[in-house]
J.: 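Just passing along the structure, written as structure tokens.
Read the numbers this way: they start at 1 and go in the same order the structure lists the ligands and their atoms. If you're wondering where the values come from, they're calculated on a predicted model, not measured in any experiment. Residues take their numbers from the sequence shown, with the count starting at 1.
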Amino acid sequence: MKRLLIDGKLVEGERTYPSRNPATGEVIGEAPDASKEQAEAAIEAARRTFDTTGWATDVPARIRGLDRLYEALVEHKEELRELTIADAGATRMLTHGAQLDDPLEIVRYYADLLRTHPMREEIGEIEYQGARHRRWVEKEAGGVVSAILPYNYPNQLALAKLAPALAAGCTVVLKAAPDTPLVTLALGELIAEHTDIPPGVVNVVSSSGAEVGELLTTHPGVDIVSFTGSTETGRRIMAASSRTVKRVFLELGGKSAMIVLDDADFDATAMLAAFTICVHAGQGCALTSRLLVPREHHDAIVAKAAAAMGKVRYGDPTHPKTFMGPLISERQRDKVDGMVKRAVAAGATLVTGGEKAEPGFHYAPTLLGGVDPDSEIAQEEVFGPVLAVIPYADDDDAVRIANNSIYGLSGAVHGRDRDRALAVARRIRTGTFSINGGNFFGPNAPFGGYKQSGVGREMGVQGLEEFLQIKTFGEPVT
Ligand code: NAD
């Protein structure tokens, strides 16, 4: 059975709860259901370690710790791969990219960045009351971090918080998502058993309910909350953290639009849009779930996208050729199915899909045509393999529809005239953007949202700065 990591020790939960393989529905293991006392012990260990040990100021120890963590992850990659497939329903294919192999490089990136990132900046002298004063800025560790994870990309999201937080000199309590605890607990075991990161620096907890998460966002011993999850939970966390004025970093939901301009390659774009929404069965925050098409080409593009969806191989995620696996749970599948049914009732055309598939929690790739941009399916995050096609009149109308959202996470534009495509991209209020299929994602690329998609940036130099405090000094020039 997997265990919690508290103050350097692997401990069992006072209770446990089952974790299911979403591809089969079968229980694959028991996860500790951390009690409030265990969560408190984890926070207190992180606080004590930050306040009373040299971790926050010992840069060489942190570089060593990150190097060793990277090596341990690489050594145990194949065990992590099988666990990620079984616990999260990730396809084997996707574990060779965004679900496992790519995220490991985030650790390498921050280990390297820490070797070169300037932690001190001279900001020049000033004249004050007849004397000259020299000023400079030093960057220090931000303190104790609560890192709270969603279920969809457990390795990516844990490492995109943990690696920069450790590089900055913070100590961390990492909370697994209730639906994918085993992958995150395995990371805790690796840290405890295969690295020399000191006890108390990283603590890992799992729990079935919201109580532990609430404690992590209200406890006075926590300085920074780094949260990835739904916008609804993000709002709650922002409010809860305000009582002790914590720094809050939020990576929330998305409803990103792919805009197909009238000079785009319709075949290639329809194919890309259809396959993109099926990556991890649509359970990705930055996936383009709205496809905006010129009204006069709507039917032709829908036909091409439907044909492409027919080519998506879905089912058993362990098979190396499976492109799309299951949704995480029956609850999530019911949510997706309910939204599709309501979209059809609201006037959208169900072109393909809209069906559950057994065993486990699979759902067929689903295409909805003629979607009203103000309807629920165009406004709310589905988190399933459902593409909503929305017709538009001209470029201005496309920009207006793309921006007609509380979210602002990502987006895409396709068109042969590169300047026109770029001009459209610049008018969309999102934190990341793809032009003609360009890939913006990577350990050194800041990622995050505008509007209600979040606050702050993960990864890249900005991802490190999220975990640093800034202290400004001044002294008379003698
Ligand atoms: P969720 O909001 O239901 O849960 C996320 C985490 O918050 C879980 O660990 C949960 O236990 C915890 N939690 C729940 N209530 C809490 C509370 N009151 N206080 C503190 N913690 C609490 O999200 P989910 O369903 O696991 O994940 C899907 C969501 O995550 C989607 O909305 C998706 O867009 C978003 N997401 C965003 C990004 C991004 O980078 N912007 C990346 C991945 C996922």
J.: Who gets closest to atom 27 (O) of ligand 1 by heavy atom: Ala210, Pro150, Ala239?
T.: Pro150

J.: Less than 4.0 angstrom from a charged side-chain N to a carboxylate O is my criterion; do Glu44 and Arg48 meet it?
T.: no

J.: For atom 34 (O) of ligand 1, what is the closest protein heavy atom, and at what distance to 0.1 Å?
T.: Glu381 OE2, 2.5 Å

J.: Is a donor on one side and an acceptor on the other found under 3.5 Å between the side chain of Arg427 and the backbone of Val399?
T.: no

J.: Below 4.0 angstrom, N of the basic side chain to O of the carboxylate: do Glu466 and Arg247 qualify?
T.: no

J.: Should Glu105 and Arg108 be marked as a salt bridge (charged side-chain N to carboxylate O under 4.0 Å, His left out) after you check the CA-CA gap, both sets of side-chain angles, and the distance that decides it?
T.: CA-CA 5 Å; Glu105 299 312 310; Arg108 176 78 277 135; over 6 Å; no

J.: Does an N or O from Arg236, backbone or side chain, lie closer than 3.5 Å to an N or O of ligand 1?
T.: no

J.: Which bit of Lys175 gets closer than 4.0 Å to ligand 1, counting heavy atoms only: side chain, backbone, both or neither?
T.: side chain

J.: Side chain, backbone, both or neither: which part of Leu252 comes within less than 4.0 Å of ligand 1 when only heavy atoms are counted?
T.: backbone

J.: Below 4.0 angstrom, N of the basic side chain to O of the carboxylate: do Arg331 and Asp179 qualify?
T.: yes

J.: Nearest heavy atom to atom 33 (C) of ligand 1: which of Phe383, Phe447, Phe227 does it belong to?
T.: Phe383

J.: Considering distance alone, does some N or O of Thr233 sit under 3.5 Å from an N or O of ligand 1?
T.: yes

J.: Counting heavy atoms only, which of Gly449, Ser230, Gly229 comes nearest to atom 2 (O) of ligand 1?
T.: Ser230

J.: Taking atom 36 (N) of ligand 1 as the point of reference, which of Cys285, Ala177, Ala286, Pro154 owns the nearest heavy atom?
T.: Cys285

J.: Answer side chain, backbone, both or neither: which part of Leu216 comes under 4.0 Å from ligand 1, heavy atoms only.
T.: neither

J.: Where do Lys335 and Glu380 land on the salt bridge (charged side-chain N to carboxylate O under 4.0 Å, His left out) test, with the steps shown first?
T.: CA-CA 11 Å; Lys335 182 194 155 197; Glu380 302 288 330; over 6 Å; no

J.: Report yes or no: does a heavy atom of Pro178 sit under 4.0 Å from some atom of ligand 1?
T.: yes

J.: For ligand 1, is any non-hydrogen atom under 4.0 Å from Tyr153's backbone (N, CA, C, O), its side chain (CB onward), both, or neither?
T.: neither

J.: Within the 3.5 Å criterion, strictly below it, is a donor on Ser19 or Asp87 matched to an acceptor on the partner's side chain?
T.: yes

J.: Walk me through it: do Phe275 and Phe323 pass the test ring pair (Phe, Tyr, Trp, His ring centres under 6.0 Å)?
T.: CA-CA 9 Å; Phe275 273 81; Phe323 185 80; 5.0 Å; yes

J.: With heavy atoms under 4.0 Å as the rule, classify the contact between Gln283 and ligand 1 as side chain, backbone, both or neither.
T.: neither

J.: Determine yes or no for a side-chain-to-main-chain donor-acceptor pair under 3.5 angstrom, with Asn403 supplying the side chain and Arg429 the backbone.
T.: yes

